[in-house]
Amino acid sequence: MDKVVATAAEAVADIPDGASLAVGGFGLSGVPDVLIQALYERGTGGLSVVSNNCGAMESGLAVLLAAGRIARVTGSYIGANKEFARQYLGGELEVEMIPQGTLAERLRAGGAGIPAFYTPAGVGTQVADGGLPWRYDGAGGVALASPPKEVREFDGTEYVLERGIRTDFALVRAAKGDRHGNLVFAKSSRNFNPLAAMAGRVTLAEVEELVEPGEIDPDAVHLPGIFVQRVVALTPEQAADKKIERRTVSS
């Protein structure tokens, strides 16, 4: 039951080239930076990543992206990541853009064993009709476009069929975790982290504070250890290293 591994490098050692990854975080909040850095240092490439966005400010998944290690991204937000946009528009990167709520539910559904579900989000758009550019040809044309999806009417309203997502591995970050893999997420870092953890067949969690089993009140657990296979305890320095995406101050 003790799922703690000694280092992040040990935790990611069996992630092969071409693996699919669900990665938690939103912007700079709740991003498993230490596990991502370990994967970068290992040299793993050709990755298919499922994450809300693909890193920001040269941190998080942006480290792997800039190194050319990511082949495909399933996400909902490009934002101000210029390298992400450059690779996508230049035909170097395949990108499946989907509504943010749909992405969240696809991850949750996959982890819950639900193969597919119907949602009204995207009906009447290219999300349902197909034709969204997944890959450009580098010359302004579309090399690969999204296929049409099944649309069905329920009680007079149309819904599009979306598939649940399962990935080979998942990388997440938690504020607290025990040796059994039970996790607690702090504030806005409880965004895509629980959902990404559910979707991974093998889930790796870096935790800012490692505690013994029983120290977390069962009512306080955000993600039960059944979804987590490996736990990496961060050093105080790693836990405190948190970047600010947009610093604002009052006058």
Side-chain angles (χ1 to χ4, degrees), residues 12 15 17-104 106-107 121-122 125-127 130-146 162 165 167-173 188-189 191-193 195-196 199-200 206 241-247:
V12 304
I15 299 180
D17 291 344
S20 59
L21 306 175
V23 182
F26 187 109
L28 300 183
S29 176
V31 178
D33 288 307
V34 174
L35 288 168
I36 291 171
Q37 184 64 29
L39 200 57
Y40 166 77
E41 292 172 359
R42 187 173 181 273
T44 309
L47 298 167
S48 294
V49 172
V50 182
S51 186
N52 176 68
N53 54 294
C54 202
M57 295 175 58
E58 301 178 351
S59 67
L61 286 170
V63 173
L64 294 172
L65 184 73
R69 307 282 183 77
I70 298 177
R72 191 179 197 276
V73 175
T74 300
S76 64
Y77 183 69
I78 293 178
N81 191 327
K82 294 181 180 180
E83 178 61 14
F84 188 177
R86 186 197 69 77
Q87 290 190 26
Y88 175 40
L89 297 175
E92 302 172 25
L93 183 69
E94 186 173 311
V95 178
E96 180 183 0
M97 297 295 290
I98 58 178
Q100 196 167 84
T102 300
L103 175 62
R106 286 182 67 183
L107 288 165
T125 73
Q126 287 180 304
V127 170
L132 283 172
W134 278 2
R135 181 183 289 277
Y136 286 97
D137 61 9
V142 177
L144 179 66
S146 65
E162 294 282 3
I165 292 175
T167 58
D168 300 324
F169 294 86
L171 311 180
V172 300
R173 180 170 181 142
S188 58
S189 66
N191 40 48
F192 277 90
N193 272 302
L195 308 171
E206 59 182 62
D241 184 17
K242 298 178 181 179
K243 298 176 178 63
I244 298 174
E245 188 168 3
R246 296 185 183 275
R247 186 183 298 275

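In this chain, residues are counted from 1 in sequence order.
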Original post:
Name the one of L21, V73, V23 that satisfies side chain to side chain contact (heavy atoms under 4.5 Å, CB included) with L47?
Top reply: L21
Subject >> Atom of T102, atom of A121 and distance for their closest heavy-atom approach >> reply: OG1-CB, 3.8 Å
Original post:
Atom CZ in R86, atom CG in L65: separation rounded to 0.5 Å?
Top reply: 8.5 Å
Original post:
So does R106 pair up with E96, basic N to acidic O under 4.0 Å?
Top reply: yes
Original post:
Do S29 and S188 get their side chains close enough for a donor-acceptor pair, meaning under 3.5 Å?
Top reply: yes
Original post:
Which atom pair, heavy atoms only, marks the closest approach of I70 to C54?
Top reply: CD1-SG, 3.8 Å
**OP:** For Q37 and V63, work out which heavy atoms get closest and say how close.
**Re:** OE1-CG1, 4.0 Å
**OP:** Could you tell me whether the side chain of D17 and the main chain of G45 form a donor-acceptor pair under 3.5 Å?
**Re:** yes
Original post:
What distance separates I15 CD1 from R42 CZ, expressed to the nearest 0.5 Å?
Top reply: 7.5 Å
Subject >> From N53, L107, V172, residue fulfilling side chain to side chain contact (heavy atoms under 4.5 Å, CB included) relative to F192 >> reply: L107
**OP:** Check step by step if side chain to side chain contact (heavy atoms under 4.5 Å, CB included) holds for Q100 and N52.
**Re:** CA-CA 7 Å; Q100 196 167 84; N52 176 68; 2.8 Å; yes
**OP:** Please round to the nearest 0.5 Å and tell me the distance separating atom CD of E206 and atom CG of D33.
**Re:** 6.5 Å
Original post:
Atom CG of L28 and atom NZ of K243: how far apart are they, to the nearest 0.5 Å?
Top reply: 7.5 Å
Subject >> T44 side, atom OG1; I36 side, atom CD1 - distance, nearest 0.5 Å >> reply: 12.5 Å
Subject >> V49 vs T74, side chain to side chain contact (heavy atoms under 4.5 Å, CB included): CA-CA, chis, key distance, verdict >> reply: CA-CA 6 Å; V49 172; T74 300; over 6 Å; no
Original post:
Any side-chain donor-acceptor pair under 3.5 Å between D168 and S20?
Top reply: yes
Subject >> Minimal non-hydrogen separation, A22 against A196, with atom names >> reply: CB-O, 3.7 Å
**OP:** Run the numbers on D241 and V34 for side chain to side chain contact (heavy atoms under 4.5 Å, CB included), then give the verdict.
**Re:** CA-CA 10 Å; D241 184 17; V34 174; over 6 Å; no
**OP:** Identify the two heavy atoms, one from T167 and one from V50, that lie closest to each other, and give their separation to 0.1 Å.
**Re:** CG2-CG2, 4.0 Å
**OP:** Can you measure from CG (N193) to CZ (R173) and round to the nearest 0.5 angstrom?
**Re:** 9.5 Å
**OP:** List the steps, then state whether side chain to side chain contact (heavy atoms under 4.5 Å, CB included) holds for L93 with R72.
**Re:** CA-CA 6 Å; L93 183 69; R72 191 179 197 276; 5.8 Å; no
Original post:
V31 and F26: which non-hydrogen atoms are nearest, and at how many Å?
Top reply: CG2-N, 4.5 Å
**OP:** For residues L64 and L39, determine if any side-chain heavy atom of one lies less than 4.5 Å from a side-chain heavy atom of the other.
**Re:** yes
Let me check something: any side-chain donor-acceptor pairs from residues 132-143 under 3.5 Å, sequence neighbours excluded? List them with distances.
from, atom 1, to, atom 2, distance (Å)
R135, NH1, G91, O, 2.8
D137, OD1, A139, N, 2.8
D137, OD1, G140, N, 3.3
D137, OD1, G141, N, 2.9

Original post:
Can you find a heavy atom in the side chain of V95 that is under 4.5 Å from one in the side chain of F84?
Top reply: yes
